Amino acid sequence: MREVRTRFAPSPTGGLHLGGVRTALYSYLFAKKHQGKFILRIEDTDQNRYVSGAEQYIVDCLAWCGLSPDEGPHIGGEHAPYRQSERKESYKQYALQLVESGHAYYAFDTTEELEKMREDFKSTQNPSPQYDHTTRMKMKNSLTLTNEEVKQLLAINTPYVIRISMPANETISFTDMIRGEIKNDSNLVDDKVLLKADGMPTYHLAVVVDDYLMKISHAFRGEEWLPSVPVHILLWKYLGWENDMPHWAHLPLILKPDGHGKLSKRDGDRLGFPVFAMDWHDDKTNETIKGFKELGFLPEAFINLLALLGWHSGEEKELFTKEEMIVAFSMERVHKGGAKFDYEKAKWFNHEWIKGLPAKTLMPSMQTILLSADIPLKDEPFLLDVITLVKDRCVFLNDIVMQSSYFFQAPIAIDFDAIKPKWADDKALFFSELIHQFSQLDTWEMQGIEETFKTLATEKNIKVGELQFLFRMILVGAKFGPGVFDIAYKIGKEETQSRIQYLLQKIGTV
RNA sequence: GCCGCGUUGGUCAAUCGGUUAAGACGCCUCCCUUUCACGGAGGAAUGACGAGUUCGACUCUCGUACGUGGUACCA
């Protein structure tokens with residue numbers, strides 16, 4: 001069996017969305033499962049849609065997800081270059097080879113002439129006429145022109161494209177790894193442009209040539225490519241590479257959670273969740289579109305949730321590390337139907353991952369987040385303890401700010417509305433007495449704090465629970481966080497006393 | 001319009017001819033906790049429709065409906 005080589009071949013036109021990352025992920029998992037190589041190829045054949053910075057962004061996203069390619073434009077490899085714009089010259093010879101063998105032809109039609117043809121042949125039965133076996137003989141191309149005329153046009157540098165000549169009455173079939181045998185009628189496929197007027201290949205030519213040259217064994221891509229497979233199959237055949245053709249797999253689409261359609265880049269803002277792996281800044285509109293990374297997703301959770309969107313191991317397990325996925329993954333278990341993206345489930349994956357990872361692993365990223373939120377951090381052992389205490393309450397990494405800031409500074413806002421109904425003179429007395437009793441403590445240990453608190457409550461004949469609630473409001477300022485005695489212990493005796501003192505003063509004035 | 005692909009609870013999904021049709025997310029109830037979570041125990045909710053094959057169909061076949069993709073010198 002030949003070496004497994006998969007590729008991820010995005011166009012650098014903007015942010016990398018969920019579907020793209022998933023295609024990369026499946027390609028990566030499949031390659032790694034079979035001890036193969038995962039290649040990144042940049043398909044920048046469309047000059048008009050090219051966006052500078054997008055390529056580096058793609059590389060960064062893959063790195064963040066832990067899907068680093070074995071070969072690619074930024075690292076090289078034996079089949080370099082990996083950027084199609086840099087391979088421009090090599091495509092033309094193949095296009096010419098096809099003209100030579102009669103499987104392709106020159107077409108000189110202008111945009112206007114093409115539009116006119118579409119207009120002329122338009123009917124209710126056929127609202128979108130194609131450049132195909134029914135119309136090609138009415139157009140301006142090397143099939144309708146004499147050899148002399150063609151030579152003439154070429155000699156005076158008339159712009160031209162090279163189109164594939166789709167055969168009539170052929171059934172083109174192939175086996176898709178996910179969907180099984182798929183048949184297409186060649187009559188229904190148009191004469192796709194292979195080489196554009198600017199000399200660049202279209203996707204159709206480029207993908208075949210590069211997959212061949214780069215020895216790709218398995219080609220995965222989105223389901224939207226299914227209709228053009230016949231063109232690609234024929235190209236492999238006409239170029240004489242049939243035996244080297246990769247195994248195809250067309251991945252199901254990721255759909256919008258509401259309404260209908262393929263999940264698009266614009267759905268993010270509209271529906272309030274990210275669709276890009278990382279923040280994407282659009283220079284044209286000067287807008288930044290939020291990414292999963294910046295929103296506080298762990299890369300482990302991100303690829304985990306993506307993997308399960310269209311693939312299922314067959315077991316009940318849902319949480320997978322990348323290594324586990326490599327072992328469990330198989331193309332046979334990828335679904336045929338599209339999946340609607342569910343952000344709630346995505347959050348659940350992240351929450352599970354945060355709960356599952358040790359505080360130490362989480363610390364670097366959480367530290368960065370806290371620092372950028374201007375939280376006055378203490379030493380690392382202290383931070384580590386705090387993270388251990390609160391991480392289970394964080395759905396996003398960024399939640400650490402809200403969940404832990406009161407460990408580092410007195411609460412900025414106190415929910416007095418929640419306190420007042422429960423406040424009374426005996427409570428005030430209790431807390432001022434508590435400050436005093438805490439002062440008597442030789443050591444500041446959790447057990448001692450709790451005992452002191454409860455003994456005093458019993459003495460004063462006040463329900464412990466009620467006092468604990470108030471104590472929480474004093475220390476945290478709101479109704480959340482871990483056990484109050486944990487918090488008091490962690491922030492220290494002085495700070496605890498000072499927060500009680502502060503409230504005692506404040507409560508009289510509000 | 002035509003062509004391709006698809007269709008199990010609201011969502012992700014198991015099942016590969018015989019089950020009370022798993023499990024997860026979300027939702028609801030209760031327990032734990034006078035906080036927010038976590039955790040625990042329960043609950044509601046499903047085979048698009050119609051034929052056919054078969055002793056038996058969610059599973060196979062066909063049709064219909066619906067969804068989705070394509071129908072570019074974009075990928």
Side-chain angles (χ1 to χ4, degrees), chain A residues 9-13 43-46 48-49 107 109-111 114 118 122-132 159-163 176 178-179 182-185 187-190 192-204 206-207 221-230 250 252-253 255 257 260-262 305 308-319 333 335-349 351-352 355 390-395 399 402-403 415 418 422 463-473 476 478-484:
Chain A
S11 290
T13 54
E43 309 224 333
D44 54 349
T45 54
D46 187 350
N48 301 316
R49 295 210 309 156
D109 315 275
T110 62
T111 312
L114 287 173
R118 294 198 175 103
K122 203 170 178 173
S123 67
T124 322
Q125 285 72 35
N126 184 12
S128 42
Q130 298 182 320
Y131 201 122
D132 58 16
Y160 67 90
V161 299
I162 292 179
R163 311 185 86 112
D176 185 274
I178 298 170
R179 293 154 211 282
I182 295 176
K183 292 179 182 170
N184 282 88
D185 180 353
N187 291 328
L188 273 4
V189 185
D190 64 334
K192 292 271 182 241
V193 169
L194 303 177
L195 198 73
K196 300 189 266 191
D198 63 4
M200 277 288 198
T202 57
Y203 172 81
H204 306 292
V207 74
R221 59 191 355 176
E223 195 185 1
E224 67 269 25
W225 288 109
L226 226 30
S228 47
V229 171
H250 290 84
L253 266 13
L255 276 11
H260 310 294
K262 192 167 71 150
L305 94 241
L308 274 284
L309 211 53
W311 168 79
H312 194 280
S313 72
E315 282 154 39
E316 284 192 14
K317 184 178 165 74
E318 286 192 284
L319 266 14
R333 295 203 64 93
H335 285 245
K336 297 182 174 80
K340 286 185 180 172
F341 177 64
D342 181 3
Y343 191 44
E344 292 306 318
K345 184 87 185 220
K347 289 197 285 193
W348 175 80
F349 273 107
H351 193 187
E352 289 300 311
K355 283 192 293 180
V390 307
K391 74 183 181 71
D392 288 6
R393 288 150 215 275
C394 299
V395 173
D399 288 343
M402 195 270 253
Q403 290 292 347
D415 184 358
K422 311 231 170 181
K463 281 184 196 153
V464 178
E466 215 163 298
L467 291 167
Q468 274 190 50
F469 174 79
L470 291 168
F471 196 26
R472 167 177 306 282
M473 298 307 291
V476 181
K479 290 188 272 186
F480 66 88
V484 272

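Proteins come first, then strands; the chains are lettered A, B, ... in the order of their sequence lines, and each starts at number 1. On a predicted model such as this, the values are computed, not experimentally measured, just so you know.
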- [ ] Round to a whole Å and report the spacing from NZ of A/K391 to P of B/C38.
- [x] 13 Å
TODO: Select base, sugar-phosphate, or nothing to describe what A/I182 touches, counting heavy atoms under 4.0 Å on all strands.
DONE: sugar-phosphate
TODO: Using Watson-Crick or G-U wobble pairs with both distances under 3.5 Å, give me RNA chain B in dot-bracket, 5' to 3', with [ ] for crossers and | for pairs to another strand.
DONE: (((((((..(((.....[....))).(((((.......)))))....(((((..]....))))))))))))....
Open item on the list: For A/K262, give me all partners under side-chain hydrogen bond (donor to acceptor under 3.5 Å, both in side chains), at least two apart in sequence or on another chain.
Closed with: none
Task: Selection from B/C12, B/A37, B/C5 that lies nearest to any side-chain heavy atom of A/R393 - done: B/A37
- [ ] For A/R49, enumerate each residue passing the salt bridge (charged side-chain N to carboxylate O under 4.0 Å, His left out) test, keeping only those at least two apart in sequence or located in another chain.
- [x] A/D46
Task: Nucleotide B/G1, atom C1' - distance to CD of A/Q125 in whole Å - done: 8 Å
- [ ] Specify the separation, in whole Å, of atom NZ of A/K340 and atom P of B/G10.
- [x] 10 Å
Open item on the list: Mind checking if A/G310 touches a base, just sugar-phosphate, or nothing, with heavy atoms under 4.0 Å?
Closed with: sugar-phosphate
Pairwise N/O distances under 3.5 Å, protein to nucleotides 58-61 of chain B:
none

- [ ] Look at A/K336 together with A/E223 and state whether they make a salt bridge at an N to O cut-off of under 4.0 Å.
- [x] no
Open item on the list: Whether A/H335 contacts B/A14 is assessed here as follows: a side-chain N or O lying under 4.0 Å from the phosphate OP1 or OP2. Is that the case?
Closed with: yes
Task: Proximity to the side chain of A/H351 - top-ranked nucleotide from B/A37, B/G69, B/U35 - done: B/A37
TODO: Return the value, rounded to whole Å, for the distance between atom CG of A/L305 and atom P of B/U11.
DONE: 18 Å
Task: ring pair (Phe, Tyr, Trp, His ring centres under 6.0 Å) partners for A/W348, two or more places apart - done: none
What does the list of N/O pairs under 3.5 Å between the protein and nucleotides 63-66 of chain B look like, with a distance for each?
none

TODO: Classify the nucleic acid contact of A/N126 as base, sugar-phosphate or nothing, counting any heavy atom under 4.0 Å across all strands shown.
DONE: base
- [ ] Give A/K463 one of three labels, base, sugar-phosphate or nothing, depending on what nucleic acid heavy atoms sit under 4.0 Å from its own.
- [x] base
Measure all distances between protein nitrogen or oxygen atoms and nitrogen or oxygen atoms of nucleotides 71-75 of chain B, and list the pairs falling under 3.5 Å.
| residue | atom | partner | partner atom | Å |
| --- | --- | --- | --- | --- |
| B/U71 | O2' | A/Q130 | NE2 | 2.5 |
| B/U71 | O2 | A/S128 | OG | 3.4 |
| B/C73 | OP2 | A/R163 | NH2 | 3.4 |
| B/C73 | O2 | A/A197 | N | 2.8 |
| B/C73 | N4 | A/D109 | O | 3.1 |
| B/C74 | OP2 | A/K196 | NZ | 3.1 |
| B/C74 | O2' | A/D46 | OD2 | 3.0 |
| B/C74 | O2' | A/R49 | NE | 3.2 |
| B/C74 | O2' | A/R49 | NH2 | 3.4 |
| B/A75 | OP1 | A/T45 | OG1 | 3.0 |
| B/A75 | OP1 | A/K196 | NZ | 2.7 |
| B/A75 | OP2 | A/Y203 | N | 3.4 |
| B/A75 | O3' | A/S11 | OG | 2.8 |
| B/A75 | O3' | A/E43 | OE1 | 3.4 |
| B/A75 | O2' | A/S11 | OG | 2.9 |

Open item on the list: What is the distance, to the nearest angstrom, from the CD atom on A/E223 to the C1' atom on B/G70?
Closed with: 10 Å
TODO: Establish, with yes or no, whether the OP1 or OP2 oxygen of B/G67 is under 4.0 angstrom from a side-chain nitrogen or oxygen of A/K262.
DONE: no
Protein N or O to nucleotides 40-47 of chain B N or O, pairs below 3.5 Å:
none

TODO: Using a heavy-atom cut-off of under 4.0 Å over every strand shown, decide if A/R179 touches base, sugar-phosphate, or nothing.
DONE: sugar-phosphate
Open item on the list: Can you measure A/N184 atom CG to B/C5 atom P for me and round it to whole angstrom units?
Closed with: 7 Å
Task: A/F349: partners by ring pair (Phe, Tyr, Trp, His ring centres under 6.0 Å), with sequence neighbours left out - done: none
Open item on the list: Can you tell me how far apart NZ (A/K345) and CD (A/E352) are? Round to the nearest 0.5 Å.
Closed with: 9.5 Å
TODO: Answer yes if the side chains of A/H250 and A/R221 hold a donor-acceptor pair under 3.5 Å, and no otherwise.
DONE: yes
TODO: Can you sort out the partners of A/K192 under side-chain hydrogen bond (donor to acceptor under 3.5 Å, both in side chains), two or more places apart, ordered by chain and number?
DONE: A/D190
Could you list the protein-to-nucleotides 19-26 of chain B atom pairs, N/O on both sides, closer than 3.5 Å?
| residue | atom | partner | partner atom | Å |
| --- | --- | --- | --- | --- |
| B/A24 | O4' | A/E318 | OE1 | 3.1 |
| B/A24 | O2' | A/E318 | OE1 | 2.5 |
| B/A24 | O2' | A/K345 | NZ | 2.8 |
| B/A24 | N3 | A/K345 | NZ | 3.1 |
| B/C25 | OP1 | A/W348 | NE1 | 3.4 |
| B/C25 | O2' | A/K345 | N | 3.3 |

Open item on the list: Under a plain distance cut-off of 3.5 Å, with no hydrogens placed, do A/D109 and A/Y131 share a side-chain donor-acceptor pair?
Closed with: yes
- [ ] Name all residues meeting the ring pair (Phe, Tyr, Trp, His ring centres under 6.0 Å) criterion together with A/H204; count only those two or more places apart in sequence or in a different chain, and write none if there are none.
- [x] A/H232
